[in-house]
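Written out below as structure tokens is the structure these notes cover.
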Amino acid sequence: MSFGAAVHRLVRRIPRGQVATYGQIAALLRRPRAARAVGAAIRACPAGVPWHRVVNARGSISRRRRAAGMLTQRILLEQEGLRFRRGHIPLERFQWRAVK
DNA sequence: GACTTGACTAGAC
DNA sequence: AGTCTAGCCAAGT
């Protein structure tokens, strides 16, 4: 199974109202230094994958080449009840605690 | 199969 | 507190 497919499978498990970080996803896949590659994988994720629940290590939305998607991500997260404080989501409260 | 490209990160200044 | 840097790694070309 490709790395990308593994990322998508894992992202689908993030519950509504919670978020995970790129580095966290990488670590869960036993590739602790592949955070960047996680971003690349999420860039092309299939429909149905809650890609918006993945944020950077500070709990904020990462910059893209084209900023359009950033607002979309924020809106989707707020629709799930998450609130931004000072430009970021407080991870201590809303980060997904994966079992594995 | 050799570059290039980032939706990354931790650390240094 | 804001920027910069150096590693990193899978995908795309």
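Letters A, B, ... are given to chains in the order of the sequence lines, protein chains preceding strands, and every chain is numbered from 1.
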Query raised in the report: Under the 6.0 Å and 45° cation-pi test, does Arg31(A) pair with Phe3(A)?
Result: no

Requested in this report: Go through DNA chain C and write down every stem, that is, every run of at least three consecutive Watson-Crick or G-U wobble pairs with distances under 3.5 Å, as range with range.
Outcome: B:2-6 with C:9-13, B:8-13 with C:2-7

Query raised in the report: How would you label the contact of Gly69(A) with the nucleic acid (heavy atoms, under 4.0 Å): base, sugar-phosphate, or nothing?
Result: nothing

Report summary line: Rounded to the nearest 0.5 Å, the CG atom of Leu77(A) sits from the CD atom of Gln18(A) at a distance of 12.0 Å

**Report entry** Met70(A) CE to Ile75(A) CD1 distance, which is reported to the nearest 0.5 Å
**Finding:** 12.0 Å

Query raised in the report: Sequence neighbours excluded, which residues qualify as side-chain contact (heavy atoms from CB on, under 4.5 Å) partners of Arg97(A)?
Result: Gln95(A)

Query - Glu80(A) CD to Arg16(A) CZ distance, which is reported to the nearest 0.5 Å - result: 4.5 Å

Report task. Take nucleotides 7-13 of chain B nucleotide by nucleotide from the 5' end and write B, S or -, depending on whether a protein heavy atom sits under 4.0 Å from the base, only from the sugar-phosphate, or from neither. Result -> BBSS---

Query raised in the report: With no hydrogens and no angle check, is any side-chain donor or acceptor of His8(A) less than 3.5 Å from a backbone partner on Ala41(A)?
Result: yes

Query raised in the report: Rounded to whole angstroms, how far apart are CD1 on Ile25(A) and P on dC9(C)?
Result: 17 Å

Query raised in the report: Quick one: is Arg31(A) getting a side-chain N or O under 4.0 Å of the dC9(C) phosphate, OP1 or OP2?
Result: no

Query raised in the report: Yes or no on side chain to side chain contact (heavy atoms under 4.5 Å, CB included) for Arg53(A) and Trp96(A), after CA distance, side-chain angles and deciding distance?
Result: CA-CA 9 Å; Arg53(A) 296 181 190 147; Trp96(A) 177 40; over 6 Å; no

**Report entry** Tyr22(A) side chain reached by Asn56(A) side chain, heavy atoms, under 4.5 Å
**Finding:** yes

